[in-house]
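I have placed the structure first, in the form of structure tokens, so that the comments after it can refer back to it.
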Amino acid sequence: MRSKEAVQEEEERLRKLVRELPDDKRLQFFQQVETDLKDPDTYATLNFLFIAGLHHFYLGKWFRGLVNLSIFLLGVILLFTPAVILGVFLLLAVTIIELKALFNSQIVVQEYNNDVMERIYRALIRS
């Protein structure tokens, strides 16, 4: 993950490029962006619920979401077996790893949104 400053500089660079687009292309850009951008608060809420992986699904990161969800569910299942300690360990590990994503949710989503804006911009200038 890049630094907050680098992500903000990237967003500003993209905004400058969009301002230089002709009016019709700029309108198309903002119409597409409106439907594709993600909300940092929704991402953080999904992460905060600690049903590991939901916030990854929100950003379209299906593989990582499935891995996190699988580890989380395995940990819960192990709580009801003789391997309780392993279950607790898995749940703690997922929680600790996901706390970083929770605390960095603004940057994670801003970086995702920058990638979306870049993709939309590139598609518009090619058409």
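Because the structure is predicted, anything quoted here is derived from the model rather than measured. Residue numbers count from 1 along this sequence.
- The two residues Ser105 and Tyr43 come nearest to each other via the heavy atoms CB-CD2, 3.4 Å.
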Inset, instruction - Evaluate side chain to side chain contact (heavy atoms under 4.5 Å, CB included) for Leu46 paired with Phe57, printing each intermediate quantity in order. - result: CA-CA 10 Å; Leu46 290 171; Phe57 292 118; over 6 Å; no

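- Distance check, rounded to the nearest 0.5 Å: CD of Gln8 to CG of Asn114 gives 9.5 Å.
- With rounding to the nearest 0.5 angstrom, the OG1 atom of Thr45 is 11.5 Å from the CG atom of Leu54.
- In this structure, the side chain of Asn47 engages the main chain of Glu98 through a donor-acceptor pair within 3.5 Å.
- Leu59 is listed as a side-chain neighbour of Val108, based on a closest heavy-atom distance under 4.5 Å.
- With respect to Glu118 and Arg13, a salt bridge is recorded, a charged nitrogen being found less than 4.0 Å from a carboxylate O.
- Within the structure, salt bridge (Lys or Arg N to Asp or Glu O under 4.0 Å) contacts touching residues 34-44 (residues at least two apart or in different chains) are Asp36-Arg119.
- Between atom CZ of residue Phe29 and atom CG of residue Leu27 there is a gap of 12.0 Å, rounded to the nearest 0.5 Å.
- Under a hydrophobic clustering in which Ile, Leu, Val, Met, Phe, Trp and Tyr are joined whenever their side-chain heavy atoms come within less than 4.5 Å, directly or via other members, Phe89 and Ile77 fall into different clusters.
- Between Val88 and Leu79, the closest heavy-atom pair is CG2-CD2, 3.6 Å.
- With rounding to the nearest 0.5 Å, the separation of CD in Glu10 from CG in Asn113 is 12.5 Å.
- A salt bridge does not link Glu11 with Lys4: every distance from a Lys NZ or Arg NE/NH1/NH2 to an Asp or Glu carboxylate oxygen is 4.0 Å or more.
- Across Arg26, Lys25, Arg19, a single residue satisfies salt bridge (charged side-chain N to carboxylate O under 4.0 Å, His left out) together with Asp23, and that is Arg26.
- Two residues are said to be in side-chain contact when any heavy atoms from C-beta on lie closer than 4.5 Å; Ile97 and Asn68 fail this criterion.
- Considering OG1 of Thr35 and CD of Gln31, their distance stands at 9.0 Å, rounded to 0.5 Å.
- Side-chain contact between Tyr121 and Leu21 is present, with heavy atoms from C-beta onward closer than 4.5 Å.
- Contact check for Leu66 versus His56: no side-chain heavy atoms found under the 4.5 Å cut-off.
- Using a 4.5 Å cut-off between side-chain heavy atoms of Ile, Leu, Val, Met, Phe, Trp and Tyr, with links allowed through other members, Leu90 and Ile96 fall into different hydrophobic clusters.
- Each of Leu69, Leu74, Val67, Leu73 was compared with Ile71 under the side-chain contact (heavy atoms from CB on, under 4.5 Å) criterion, and only Val67 meets it.
- In this structure, CG on Leu14 lies 11.5 Å from NZ on Lys16, to the nearest 0.5 angstrom.
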